[in-house]
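Because only heavy atoms are used, hydrogens play no part in the values below, and waters and symmetry mates are left out as well, while side chains stay in. The shown structure was predicted, so the numbers you read here are calculated from the model rather than taken from an experiment. Remember, it's 1-based here, ligands and their atoms both numbered in the order they're listed.
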Amino acid sequence: MNDPKPEKPITMHPHPLPPVPEGMSKSQWKKIWKKKRFEETKDEFAKVRREKRQKAKETRRAKIQEYLDRGEEVPEDLRRKPRKNQDQKDSGINIILDCAFDDLMNDKEVVSLSTQITRAYSHNKRENHFAKVKVTSFNKRLRTRFEEGLKDAHHEEWKNFEFTEDPTLPTENTVYLTADTDETLERLEPGTNYIVGGIVDKNRHKLLCYNKARELGIPTKKLPLAEFIKLTGREVLTCTHVIHLMLRYFDNLDWKEAFETVLPQRKLEEAEEAAKAAAEAASKAQSPPAESSEASNATSGEESQN
Ligand SMILES: C[S@@+](CC[C@H](N)C(=O)[O-])C[C@H]1O[C@@H](n2cnc3c(N)ncnc32)[C@H](O)[C@@H]1O
């Protein structure tokens, strides 16, 4: 799944497609042309992005200064977590990001996966607990993406992160995480390997990781989302969210708290409204009928529909 709230893209200026060269289909030419345009404009895009970030930084600093000038406390949302958490503790779990699905993604999805990995790294550096993370099957376009577009990130130096071409997955003390199973992950156990499927597919490939785990004889588990929050959308989360949730779980060994602090507000608001509506419906159904028996019959009818 894609990150639910991706950064708003900077749109390219429309540019008409030049005539299709002979012997080439229109869709082939479109792809080549798009790539060429991207190469030509990427520096300009990077510049706009840098300027936007700089402006946001300055605005934030100015706001903080206003609070300081008034002698007031700077609100939590303006305070940024340090880039590196100095008091981190080892969660004791290993996370394996199984990236063996390169051929099942388009170029955009590979880029999105690479961004998710950089975000997961950032969470692993900043949260109160870290995990040992291993990215397996690190090859093909994902590797190229890190070695070219993301070369400044120096992934090979990341602490608690290992990248390997080797596709081998452990099978002992191992759980494959997938939303497609009926088994729920009640708690995280130190000493266990948790495999996360390294794929962005908008769930086109349903049961992909479930079937892979079954073939390898690895038990599968899903996060206990339904037990604690009611998501109206799909329960398939991004790799970044899954990793972030696992790290946050170790704060208080509390899934609910982890879901509420990590998942996007939008999803949780929908969940809260659904819970309120359910509670209201339940209390209406329990209260004694105020009017005629007709009304009471209507209520019990509603009840049976739920
Ligand atoms: C975008 S999903 C990939 C969906 C893919 N079709 C599959 O077969 O899993 C990325 C990965 O995040 C993990 N994941 C996503 N939602 C999850 C959930 N609700 N419970 C457990 N793991 C989940 C799984 O490891 C999954 O492979």
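Within ligand 1, the atoms closer than 4.0 Å to a non-hydrogen atom of Leu208 are 8 (O), numbered from 1 in the order shown. Listed by number with element, the atoms of ligand 1 under 4.0 angstrom from any heavy atom of Ile199 are 1 (C), 3 (C), 10 (C). Taking a cut-off of under 4.0 Å to the non-hydrogen atoms of Val242, the atoms of ligand 1 that pass are 12 (O), 13 (C), 14 (N), 15 (C), 23 (C). Remark: ligand 1 atoms within the under-4.0 Å shell around heavy atoms of Leu225 are 19 (N).
Ring geometry for Phe161 versus Trp158: interplanar angle over 60°, hence perpendicular rather than tilted (30 to 60°). Classified by interplanar angle (parallel below 30°, tilted 30° to 60°, perpendicular above 60°), the ring pair Phe146/Phe138 is perpendicular. The aromatic rings of Phe163 and His155 sit perpendicular, their planes meeting at an angle over 60°, well past the 30° parallel limit.
Counting heavy atoms under 4.0 Å from ligand 1, residue Asp201 touches it through the side chain alone.
Atom CG of Asp69 is surrounded by more than 12 heavy atoms from other residues, nucleotides or ligands within 6.0 Å. The environment of Glu40 atom CD is dense: over 12 non-hydrogen atoms of other residues, nucleotides or ligands sit within 6.0 angstrom.
The distance criterion of under 3.5 Å between nitrogen or oxygen atoms is not met by Val196 with respect to ligand 1. In terms of polar-atom proximity, Tyr176 is not counted as a contact of ligand 1, lacking any N or O under 3.5 Å from an N or O of the ligand. Residue His205 places at least one N or O, backbone or side chain, under 3.5 Å from an N or O of ligand 1. Considering backbone and side-chain atoms alike, Glu235 places an N or O below 3.5 Å from some N or O of ligand 1. Residue Val236 has no N or O atom closer than 3.5 Å to an N or O atom of ligand 1.
At least one donor-acceptor pair under 3.5 Å links the side chain of Asn85 to the backbone N or O of Asp87.
The nearest pair of heavy atoms linking Glu235 to Leu225 is O-CD1, 3.7 Å.
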